[in-house]
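Start at 1 with the first residue, then count along the sequence. Counting starts at 1 for both ligands and their atoms, following the listed order. Because the structure is predicted, anything quoted here is derived from the model rather than measured.
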Amino acid sequence: MRVGVIGGGQLGRMLGFAGIPLGCTFTFLDPSAEAGARAAGELIVAPYDHETSLDRLAAMSEVVTYEFENVPADAAARIADRVPVLPSPLSLEVTRNRAREKEVFERSGISTPRYRVVESAQDLSLAIDDLGIPCVVKTLTEGYDGKGQIVVRSGGEKKEAIRRFGERPVIVESFVAFDRELSVIGVRSHDGDLAIYPLVENVHHEGILRVSRAPAPRAEALREAAEAMMKELLEDLGHVGALTLEMFERDEDLIANEMAPRVHNSGHWTIEGAETSQFENHIRAITGLPLGSTRPRGHSVMVNLIGALPLPHDVLAVNGAHLHLYDKAPRPGRKLGHVTVRADAPEEVEAAVDRLRGLAGAYLDPPGTVRHGNS
Ligand code: AMP
């Protein structure tokens, strides 16, 4: 099947790599001629809202998907007039707007931090007072990797938040003093079949995911609740394709943070660590193929390579390590690749991650982040 993808970054690239063996061919739309997905298919170089390029993408595709949720609504609508867009424009509309997302969480009985949506400096000030400090101010749309948000811990930071965000629609959330962060990825097919991956434990630093452990250690008791939340969301949205839910764990309860209508960085481990990867299952779902098993193969740790790259030789000398490079120019804070270490026993994986941590140039485990062991 001919698949169109809006966005040509690493997620598009890995979708392509997973779909090619299934007989799919890919066309990507991306503003950069250097987009990493060009290795997996044809690349249309144009802004996401460029009308003739969107028409070209639609004409070249039997189904169109996207690798990020900040697709302009008009662009999705223009394509959806001509060819199926999956996940549907409804999933896109909900997940690109934090307020809509909260409504869906509440409707589905999923707990989420207390929040207020405001549009003026005065209301922002009142909302911060009402929710109390610490709280988090986030733009309603277009935030990712910690961009477009600020944690307010003092009067000075409140002033700074009002200066930065006072004149635009924002959401203010109470700060969750979480024990750890978890995520779950689910995939729903055209026929309503579901495939849900095990819970994953994530470590973020400066808003950017650094390390994922899968299946999440000590999470057996939370599994059922996470699966029920994912099922509820997939069915509420009539979603087709992958959906990721990011959560906080506090006192053994799950609190939803946000969701993404797509494959996700916290699911990269599935390439080696699960029977069927998130990328393959997303492609299977949107092309009408049966979904594959999400059963984990032993234990995996995924480590993002951010800002600088270690030597491939050094990474691959570590037993159980698999290297994925995204063909992106190094820049501080930029995700350039990832390494997944997979092994049958959790201790083996952690020993390999310790070796990776020592590699020159690899910024694997940032200072100040808590490392959770498996005990
Ligand atoms: P987000 O863009 O909403 O995924 O936020 C990025 C990261 O900021 C999360 O992974 C958390 O580490 C942190 N964060 C976001 N919202 C909150 C919150 N309400 N309480 C505590 N930490 C938060």
Is it the case that more than 12 heavy atoms not belonging to Glu252 sit under 6.0 Å from its CD atom?
no

Please identify which atoms of ligand 1 are closer than 4.0 Å to at least one heavy atom of Lys138.
3 (O), 15 (C), 16 (N)

State plainly whether the residues Asp193 and Arg188 are in salt-bridge range, i.e. N to O under 4.0 Å.
no

Are Ser174 and ligand 1 in contact, using a heavy-atom cut-off of under 4.0 Å?
yes

Backbone, side chain, both or neither: what part of Arg98 comes under 4.0 angstrom of ligand 1, heavy atoms only?
side chain

Output, in order, the C-alpha distance, side-chain angles, deciding distance and verdict of ring-ring contact (aromatic ring centres under 6.0 Å, His included) for Phe17 and Phe26.
CA-CA 10 Å; Phe17 291 165; Phe26 288 84; 9.5 Å; no

I want to check a possible cation-pi pair here: Lys335 against Tyr326, using under 6.0 Å from ring centre and within 45° of the ring axis as the test.
no

Heavy-atom proximity to atom 6 (C) of ligand 1, best of Glu101, Gln149, His204
Gln149

What about Gly207: any of its N or O atoms under 3.5 Å from an N or O on ligand 1?
no

Is NZ or CZ of Arg13 both nearer than 6.0 Å to the six-membered ring centre of Phe279 and within 45° of the ring axis?
no

To which of Glu181, Glu173, Glu206 does the heavy atom nearest atom 19 (N) of ligand 1 belong?
Glu173

Report the relative orientation of the aromatic rings in His268 and His338; use parallel for angles under 30°, tilted for 30 to 60°, perpendicular for over 60°.
tilted

Atoms in ligand 1 flagged as close to Val136, the criterion being non-hydrogen separation under 4.0 Å
17 (C), 18 (C), 19 (N)

Is the contact between Val151 and ligand 1 made by the side chain, the backbone, both, or neither, using heavy atoms and a 4.0 Å cut-off?
neither

